[in-house]
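Data block below; observations after.
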Amino acid sequence: MALPPGPSPGRRAAEPPSDVHGRPFRSLRISVTDRCNMRCRYCMPEDEYVWLPRGSILTFEEIDRLAGIFAGLGVTKLRLTGGEPLLRHDLPELVKLLAGRAGIDELALTTNGILLGESAASLRAAGLTRVTISLDTLRPERMEAFARSKRHADVIAGLRAARAAGFTGIKLNTVVIRGFNDDELEPLIEFGRAEGCEVRFIEYMDVGGANGWRPEDVVSRREILDRLGRRYGAISERPDGAGGSAPADRFALPDGTVFGIIASTTEPFCRSCDRGRLTADGHFLLCLYAERGLDLLTPLRAGAGDAELTELLGDAWAAREDRGAEDRARLADRGALYQLQALRADPRKEMHTRGG
Ligand code: SAM
Ligand code: SF4
Ligand code: SF4
C-alpha cells in the first residue's frame, strides 16, 4: 500500500537491516550516467550501445532524496561512478547536495580521470572526500589501442590536479589483463609511489559479457604477489586491508610502499560485502552480478513517500542472499556472463551501467 509522502520513518533508521547472511548495508555506489568517453576493452568493447533513455536518468534532486533514504538504512559511504561520472554536467552540484546529508561520512568518486583536471578543485570544494582514478597503463599508445582514447596526458594531469586540490589517499585502479598490461605491475607501483598514490590491482572480472572474458586472461592475486615478491623481496600483508568489508587486500613492499589487490575473481569477498548499487535510471542492485534490480524510479516518480521507499529498500536488503562472485568462482567452466543479445535487450546488465 502506498503511504503518503512524509519524513523518513524512525523504524528503519533505528533498526538498519542486515541481510540473510548477517551483512549490514553500509555503502552504495551511485552510477550517475551510463555514458563514457573511453572504450576500455574489458568494459565497453562495442561500437554501439543501447543507452538508458535520457528521461529516465535520475535528477540530482532525486539522487539526493534517495541518498537520504539509504542513509536512514545505515549507509555511510557513497561512491559516484558510471560510465564516466565526470561526463555528468555540474557534478560538483550533486556532490554539494550529498555532502550535506546527515550520516554520510565518506563521499568518493571513481573516474577515468580524463576530465578531472577541470573539476578537481570544485569537487573538493563541494565536499568530495576521496578520489579513485582508473589507470591501466603508463603507455599512451597502449591506452589508445586498448581504450580508444588519446587522452593519457589528461588522466595524468587530472591526477595531479586532484593532488593540488588537496585530495589525499588517492587510489589508482588497474585492471590487470594478461598480454595487455601484466608487464606494467612494477612501473605502476613505482609511478604510484612517486605520485603519492596507492595502486590497487584488480583481477579481470566477467561482468557484462561483450568483452569475451576468458579465465586465462585473468592475472590472479597469487600471481601478482609472486611477481612482485620476486622483484622487490618479501611482501607483508597489512592487517587494515584483509577481511574487512573493503574490497582490497593491502600489502607492503619491503620499503614500505603500500599497494592493494582486489581479487574479485579468484578469491571473492562476498561474505563481508556491504555494498549496494544504484543505476543512473534508479534501479537498485543487491550485487554486481544480480540478474536484475529493484525499480525505484517508478515509485519515486509516482509520488511515493520516504516511508514507502524505505520499506521497499529495507525489505530488499533484508532478503538479500547474493554472493555473485563466489557463485561464479564455483563454476567448473566459466566464460562470459552474458551473450551480446542479452546485453542489448537489457543495458542494465552492462558493467558501465552498474558502475563497476
Ligand atoms: N569510468 C570510471 C572509471 O573507469 O573509473 C568509473 C566506472 S568503471 C565501470 C569503474 C571501475 O570498474 C573501473 O576501475 C574499471 O577499471 C572497473 N572495471 C570495468 N570493467 C571491469 C572488468 N571487466 N573487470 C574488472 N574491473 C572492471
Ligand atoms: Fe568507461 Fe570506466 Fe568502463 Fe573504461 S572502465 S569504458 S572508463 S566506464
Ligand atoms: Fe558483493 Fe556481489 Fe561483489 Fe560479492 S559479487 S562482493 S556480493 S557485489
Side-chain angles (χ1 to χ4, degrees), residues 19-21 23 25-46 49 79-88 108-116 131-137 143 146-149 151 155 158-159 171-177 180-181 199-214 217-219 245-248 260 262-265 267-277 279-280 285-291 317 320-329 336-338 350-356:
D19 72 8
V20 167
H21 301 298
R23 298 169 295 185
F25 187 13
R26 294 269 180 269
S27 75
L28 179 74
R29 294 182 189 225
I30 303 175
S31 173
V32 294
T33 178
D34 58 335
R35 312 276 167 149
C36 192
N37 47 3
M38 279 175 77
R39 287 290 180 273
C40 304
R41 207 183 291 165
Y42 53 73
C43 178
M44 297 185 77
E46 296 294 288
Y49 279 92
R79 178 170 293 276
L80 303 177
T81 175
E84 174 44 43
L86 293 177
L87 285 180
R88 187 78 190 250
L109 172 77
T110 300
T111 171
N112 64 28
I114 288 179
L115 299 172
L116 192 55
V131 177
T132 299
I133 300 167
S134 299
L135 180 69
D136 295 324
T137 176
M143 176 163 141
F146 198 78
R148 290 192 250 160
S149 170
R151 301 188 62 182
V155 178
L159 154 62
K171 304 261 184 356
L172 299 178
N173 273 1
T174 301
V175 180
V176 186
I177 300 186
F180 159 55
N181 62 350
V199 175
R200 302 194 310 176
F201 297 116
I202 305 178
E203 289 181 354
Y204 181 24
M205 297 174 72
D206 55 350
V207 180
N211 54 19
W213 183 95
R214 303 177 313 166
D217 295 334
V218 177
V219 181
S245 61
I262 302 182
S264 341
T265 301
E267 298 179 47
F269 36 83
C270 303
R271 68 193 165 281
S272 59
C273 175
D274 62 3
R275 276 173 302 283
R277 293 178 157 77
T279 64
L285 295 161
L286 293 166
C287 177
L288 184 53
Y289 286 92
E291 176 81 21
W317 190 268
R320 176 183 187 244
E321 295 185 65
D322 304 60
R323 300 178 77 141
E326 289 178 357
D327 293 344
R328 295 288 299 163
L337 181 59
Y338 295 116
E350 295 273 10
M351 184 67 142
H352 68 271
T353 307
R354 305 195 152 197

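Both ligands and their constituent atoms are indexed starting at 1 by order of listing. Quick caveat: nothing in here was measured; it's all calculated off a predicted structure. Side-chain atoms are counted along with the backbone in the values below, which use heavy atoms only and exclude waters and symmetry mates.
Between the side chain of His21 and the backbone N or O of Glu321, at least one donor-acceptor pair lies under 3.5 Å. Between the side chain of Arg23 and the main chain of Cys270, a donor-acceptor pair closer than 3.5 Å is present. A donor-acceptor distance shorter than 3.5 angstrom exists from the side chain of Thr111 to the backbone of Gly113, with no hydrogens or angles considered. Arg29 places no side-chain N or O within 3.5 Å of a backbone atom of Gly355 that could act as its donor or acceptor partner. Under the 3.5 Å distance criterion, the side-chain polar atoms of Asn181 are matched with a main-chain donor or acceptor of Asp136. Between the side chain of Arg354 and the backbone N or O of Ser31 there is no donor-acceptor pair closer than 3.5 Å. A donor-acceptor contact shorter than 3.5 Å is absent between the side chain of Asn112 and the backbone of Val155.
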Checklist entry - How far apart are the C-alpha atoms of Ser27 and Arg79, what are their side-chain angles, what is the distance that settles it, and do they pass the side-chain hydrogen bond (donor to acceptor under 3.5 Å, both in side chains) test? => result CA-CA 8 Å; Ser27 75; Arg79 178 170 293 276; over 6 Å; no
Checklist entry - What's the verdict on side-chain hydrogen bond (donor to acceptor under 3.5 Å, both in side chains) for Glu84 and Thr33, showing C-alpha distance, side-chain angles and the deciding distance? => result CA-CA 7 Å; Glu84 174 44 43; Thr33 178; over 6 Å; no
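With sequence neighbours left out, Tyr289 forms a ring pair (Phe, Tyr, Trp, His ring centres under 6.0 Å) with no residue at all. Every residue two or more places apart in sequence or in another chain was checked for a ring pair (Phe, Tyr, Trp, His ring centres under 6.0 Å) with Phe201, and none qualifies.
Leu288 CB, 4.4 Å is the protein heavy atom nearest to atom 3 (Fe) of ligand 3. Ranking the protein heavy atoms by distance from atom 1 (Fe) of ligand 3 puts Cys273 SG, 2.3 Å first. Protein heavy atom closest to atom 5 (S) of ligand 3, with residue, atom name and distance, is Ala325 N, 3.1 Å.
Atom numbering of ligand 3 starts at 1 in the shown order; those under 4.0 Å from a heavy atom of Cys270 are 4 (Fe), 5 (S), 6 (S), 7 (S). Within ligand 3, the atoms closer than 4.0 Å to a non-hydrogen atom of Phe269 are 6 (S), numbered from 1 in the order shown. Close approach to Cys287 involves these atoms of ligand 3, each under 4.0 Å from a residue heavy atom: 2 (Fe), 5 (S), 7 (S), 8 (S). In the vicinity of Asp322, heavy-atom distances shorter than 4.0 Å reach the ligand 3 atoms 7 (S).
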Protein N/O near ligand 1 N/O, under 3.5 Å, which pairs?
{"residue": "ligand 1", "atom": "1 (N)", "partner": "Gly83", "partner atom": "O", "Å": "2.9"}
{"residue": "ligand 1", "atom": "1 (N)", "partner": "Glu84", "partner atom": "OE1", "Å": "3.3"}
{"residue": "ligand 1", "atom": "4 (O)", "partner": "Ser134", "partner atom": "OG", "Å": "3.4"}
{"residue": "ligand 1", "atom": "5 (O)", "partner": "Thr111", "partner atom": "O", "Å": "3.3"}
{"residue": "ligand 1", "atom": "5 (O)", "partner": "Ser134", "partner atom": "OG", "Å": "2.6"}
{"residue": "ligand 1", "atom": "14 (O)", "partner": "Ser134", "partner atom": "OG", "Å": "2.8"}
{"residue": "ligand 1", "atom": "14 (O)", "partner": "Asn173", "partner atom": "ND2", "Å": "3.4"}
{"residue": "ligand 1", "atom": "16 (O)", "partner": "Tyr42", "partner atom": "OH", "Å": "3.2"}
{"residue": "ligand 1", "atom": "23 (N)", "partner": "Tyr42", "partner atom": "O", "Å": "3.1"}
{"residue": "ligand 1", "atom": "23 (N)", "partner": "Met205", "partner atom": "O", "Å": "3.0"}
{"residue": "ligand 1", "atom": "24 (N)", "partner": "Met205", "partner atom": "N", "Å": "2.9"}

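Of all protein atoms, those that are N, O or S and lie under 2.8 Å from atom 3 (Fe) of ligand 2 total 1.
In this structure, Leu86 and Ile114 have side chains that are not in contact, with every pair of non-hydrogen atoms separated by 4.5 Å or more.
In this pair, Tyr204 and Tyr42 present their aromatic rings perpendicular. The plane angle is above 60°, beyond the 30 to 60° band.
If you look at Arg277 next to ligand 3, the close heavy atoms, those under 4.0 Å, all belong to the side chain.
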